[in-house]
Asks: 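Let me begin by handing over the structure; questions about it come next.
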Amino acid sequence: MDSKVPLKQAKTAAPVTTKGLAELDVRTGMQAAALKQAVTDHLRYSIGRLQVVTTPHDYYYALALAVRDRMQQRWINTSQTYFDLNRKIVCYLSAEFLMGPHLGNNLLNLGIEQEARTALAELGQDLDTVLECEEEPGLGNGGLGRLAACYLDSLATLQRPAIGYGIRYEFGIFDQEIHDGWQTEITDKWLRYGNPWEIAKPEVVYYVNWGGHTEHYRDVAGNDRIRWVPYRVVKGTAYDTPIQGYDVNNCNTLRLWSAEAVESFNFQAFNIGDYYQAVDDKVISETVTKVLYPNDEPQIGKRLRLGQQYFFVSCSLQDMLHILDLVGVPIENFAQRYAVQLNDTHPSIGVAELMRLLVDERQLDWDKAWAITVQTFGYTNHTLLPEALETWPLSMFQALLPRHLEIIYEINRYFLDEVRARFPGDDARVARMSLIGEEGEKCVRMAHLATVGSHAINGVAALHSDLLKASVLKDFYEMWPERFGNKTNGVTPRRFLALANPGLRALLNEALGEQWPVDLEQLHQLEAQADDVAFRREWRAVKEANKKRLADYIRAHTGIELDPSWLFDIQVKRIHEYKRQHLNVLHIVTLYRRLKENPALKIPPRAFIFGGKAAPGYFMAKRIIKLINAVAETINTDPDVNMCMKVAFVPNFNVQNAQLIYPAANLSEQISTAGKEASGTGNMKFMLNGALTIGTLDGANVEIREEVGAENFFLFGLTAEEVERIKREGHRPADYVASNPELRAVLELINSGHFSRGNAEVFRPVVDNLIYSDPFLVLADYATYVACQERVSAAWQDKENWTRMSILNTARSGKFSSDRAIREYCDEIWNVQAVTVKL
Ligand code: F58
C-alpha cells in the first residue's frame, strides 16, 4: 500500500459541497436531467448490471426506483402530517386490491411523464417499451378488487388520510393462455423479478393465533376473563406501497400482510424431530398468504380462505391499536380515529376480532366495546347472488377460531333479544336474522355479522341498494332503516382516461383545460361541442387511432387481423353465466347464419371482441370461452362472412391490456340478467372513453342511461322485476325455442358440431343448459337483444350522429368518477376530512 495515502483519510469526511446538493437532487429532482442521472445511478448501485447486458426491464426497475425515491418524501410527510394533526383515518379492509401497473400511474400523478420520456430517450430507451415490462400485481379477481384500487387513488387525490389493508399474495390471479380455444391457467409469479414499489417493514409485525381452545381465568382484580390458548401462531409482516395522489403531495399507504412462521430455525438446538417439525411449521404458516382464491370456486372446505381473512384482518386491527398507543390516544376513542370499511364480507370477521381485542386484550367491558365496534365499521355489499354470500360451517369455524365463535354467540344473544323485543312472537324472523344458520349444516352467516356490526351498510348502485333492502337484507332494513344507504361505484379518471387514452386526454385538455381529471363534471362542457363538425372529426380520429392500437395488440397476441374502421363491439369482464357472454355469442351466430343463408345481405362490418378469465373450476364458464374461440375460428376463416364480421378473444384480460381495450370501443356490452350485476364498473370505463352502451336495466347501467339520456343508450331485455316474476311463475326456456325458429336454428347449429370440427359433444352442455334450465334467462332476452343490435347497426351507419352520441357519453360520465363516490363515503359514512400535506 502506498504509505503516502493515510488510511484515515477516508474517514475524515470532506465538508458538504455543492456536489452533495447535486446528489440530493438525484433522489428528488423532477427534471429530466435529474431523472436521467437517477436511472443511471440505480442501474449501477441498485441493480448492478453491466452496461452491455442491460435490458428494458432493467430500465423499468431503475426508473421505478427513481420514481419511488421521488414519492418518498411526500410519503413520509404525509404520515407525519396525519399523526401530528391527529386526524381521523379511513382503513379500507379488502381481501383484494387489483392495482394494475404502478409506473405509468405514478408518473402521471407526479406530473413527470414527459420528463421520464426525455430522460429515457437520452439513455436510448423508449418509455412505452419500458412501461410494458412491468409485471402487474394481480392481487384481485375483478370488479371488487379494482374498485378498491380506484378508491385508494381517489382517497389520496382528495387528500383524505387513508390506509388500504390487504394480503400480499405470493401468487395473484392466474395468467390465462388460450390453447386450442380452451383456457389454461399459469401461476402468476409476479414477484419473480422483485417488486420495486413495496418497502418491507420487518419491524411492523403482529402475531395471529390459530386453533386451540379457550379457558377461563381470574385477572388481578378478581374478574372472570377468557383467554385463547392457540394451537399455532403465525407472524404477519407489513409490506408498504405508496399511493400517490394526483397533483397533490398526499401519498397514502397500501399495507399488505405477508405470513411467516414465528420461529425461524433454531439450528443449535434441533434434533431430527424438531427439525422436521420446524420445516413443517414454516411451510404451513407461509401457506396462508400463498395464493389468491379465484372467485366462483365452491367455498366448502376452504379453511385456508377463512384463515387468510382472519390473518389480514387481525394484523390490520392490531396495527390500528398499536398506532393509537403510539400517539397516546385512549382506546375509548378508537371510533373517533378510525373509520373501518369492510369491502364485502371477506373482512367481516373483523367485527368479532375487534371485540376480542377490546374485551379480552384491552379489558374493556362488553357494552363499551360493542358501541365502539358498531361506530367503527361500515359494510359494503357487492352481490345479491345467494351462492356468493359467505357462510362458514360451524365445525370449521370452531376449529380455527374458537374464541371468535364464542364472541359471535354472545353478539347473537344480545342481537336476537333486540329482534324479539322489536318483533314479539315473530320466531321465523328471529331464525332468518340469526348470525347462525340452522338449516342444513349449521353455519356462521358473514353478511349478517357484517350488518349487525356496522353503523352503515351500502350497496354499490341505486338498483342494487334497493334490491338489497328488499331481498337479502330486508329484515335488517326493517330493523334499522337509517343504517342503509347507496354509494354508486366510480372509477378513477386518472388511470382510465388520462393514462389509458392519451389522445383523448390531449383533446380534452385543449377543449376544457387541465382540471377535468380532478373535477370530472367539467366534461359536461363537451356537450356544446357535440354539434361541431370539426370537433367530431377530431374525436373520430382519436377513436380510430385507439382502435388501431388495439388491433395491433390483438394481431400480436392472437394473429387475428381487425380493421379499425369496423364497429368495435366489446365485452370484457369475468366470464360468468349471469354476465351472459353466451347471449352475445347467440347474436354473432345469428348474423353468421343470416349471411350464409343470404349472400346478398349487407351488414355494417363489426369486430366482436371478448376478454375475461373463468374461475379454474367453473365448468360452464370455461365452455363459454371455448365456444367464443370456436365461433371465432369458423367465422374468421370463412370468406363468405369475414369481410363483414370477425371475432377475437383477447387472452389474459388484466388492468394493463384493459387500458388499451376501453379506449378502443365503439360499443360496450353490459348484458347481464337484470338484478344480478350489483353495479359493474367496466360499463363506466367504456362510457368515459366514448363508447355507447347496449345493456339491460341492471346495476349502474340504470344510472348510466339516466345520465346519458335514453336516446343515447341501447336498452333491451327484461327488468329485474320481470325476471323475478318469470322465475317465480316458472321459466320455460323450451317455449322460446319452439316459438322462435331462428333461435332454434342457432342453437342447433352450435349443437351440431359446426363450430367444433364435427364434434357434437363439446357444446352440448352449454346448449342443454340453455334449453332445459337457462337460469339466467338468456333465451328470454334473445329476441329483444338481436332486435336491439339491429338498431345499433343502423345507428352506426350514421357516422356523424354516432360520433355525437359518443361525445355525449363522455360528456355525461362525470358522475362515475371514483372521486364523487369517495366524497360521498367520506361525508356520509366515514366523516373524514381533507388534510393538506406540505413538502
Ligand atoms: C363485483 N364483485 C360485482 N366480486 O360483481 C360488480 O357488479 C361490482 O361492480 C364490483 O364488485 C364492485 O362493486 C366482485 O368482483 C368478486 O370478485 C369476489 C371476490 C372474492 C370471491 C367472491 C367474488
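As the structure lists them, so they are numbered: ligands from 1, and atoms in each ligand from 1. Residues: numbered from 1 along the sequence shown.
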Asks: Between atom CG of L354 and atom CZ of F377, what is the distance when rounded to the nearest 0.5 Å?
Replies: 5.0 Å

Asks: Could you see which bit of N141 sits under 4.0 Å from ligand 1, with heavy atoms only: side chain, backbone, both or neither?
Replies: side chain

Asks: Tell me, please, which residues at least two apart from T451 pass side chain to side chain donor-acceptor pair (under 3.5 Å).
Replies: none

Asks: For the residue pair S668 / Q670, report whether a side-chain donor-acceptor contact shorter than 3.5 Å exists.
Replies: yes

Asks: Just checking, K469 and F484: is the charged tip under 6.0 Å from the six-membered ring centre and within 45° of the axis?
Replies: no

Asks: Only heavy atoms of H346, strictly under 4.0 Å: list the atoms of ligand 1 that pass.
Replies: 20 (C)

Asks: For L144, is at least one N or O under 3.5 Å away from an N or O on ligand 1?
Replies: yes

Asks: When the ring centroid of F476 is compared with that of H448, is the distance short of 6.0 Å?
Replies: yes

Asks: Please state which protein non-hydrogen atom is closest to atom 6 (C) of ligand 1 and give its distance, to 0.1 Å?
Replies: E677 OE1, 3.3 Å

Asks: Looking only at protein heavy atoms, identify the closest one to atom 23 (C) of ligand 1 and say how far it is in Å.
Replies: N295 CB, 3.4 Å

Asks: Any idea how Y825 and W830 line up, ring-wise: parallel (<30°), tilted (30 to 60°), or perpendicular (>60°)?
Replies: parallel

Asks: Check R305 against ligand 1 and report side chain, backbone, both or neither, counting heavy atoms closer than 4.0 Å.
Replies: side chain

Asks: Pick one of side chain, backbone, both or neither for how R574 approaches ligand 1, counting any non-hydrogen atom pair under 4.0 Å.
Replies: neither

Asks: Report the relative orientation of the aromatic rings in Y310 and W210; use parallel for angles under 30°, tilted for 30 to 60°, perpendicular for over 60°.
Replies: tilted

Asks: When only distance counts, is H382 in polar contact with ligand 1, meaning an N/O pair under 3.5 Å?
Replies: yes

Asks: May I ask you to list the atoms of ligand 1 that are less than 4.0 angstrom from any heavy atom of Y578?
Replies: 5 (O)

Asks: State the atoms of ligand 1, each with its element, that fall below the 4.0 Å cut-off from a heavy-atom position in A678.
Replies: 7 (O)

Asks: Less than 6.0 angstrom separating the ring centers of F716 and Y785, yes or no?
Replies: yes

Asks: Below a 4.0 angstrom heavy-atom separation, can you tell me which part of T383, side chain or backbone, both or neither, approaches ligand 1?
Replies: neither

Asks: Looking only at heavy atoms of G680, does any of them come nearer than 4.0 Å to an atom of ligand 1?
Replies: yes

Asks: E96: heavy atom below 4.0 Å from ligand 1, yes or no?
Replies: yes

Asks: Among all residues two or more places apart in sequence or in another chain, which pass the salt bridge (charged side-chain N to carboxylate O under 4.0 Å, His left out) test with K474?
Replies: E478

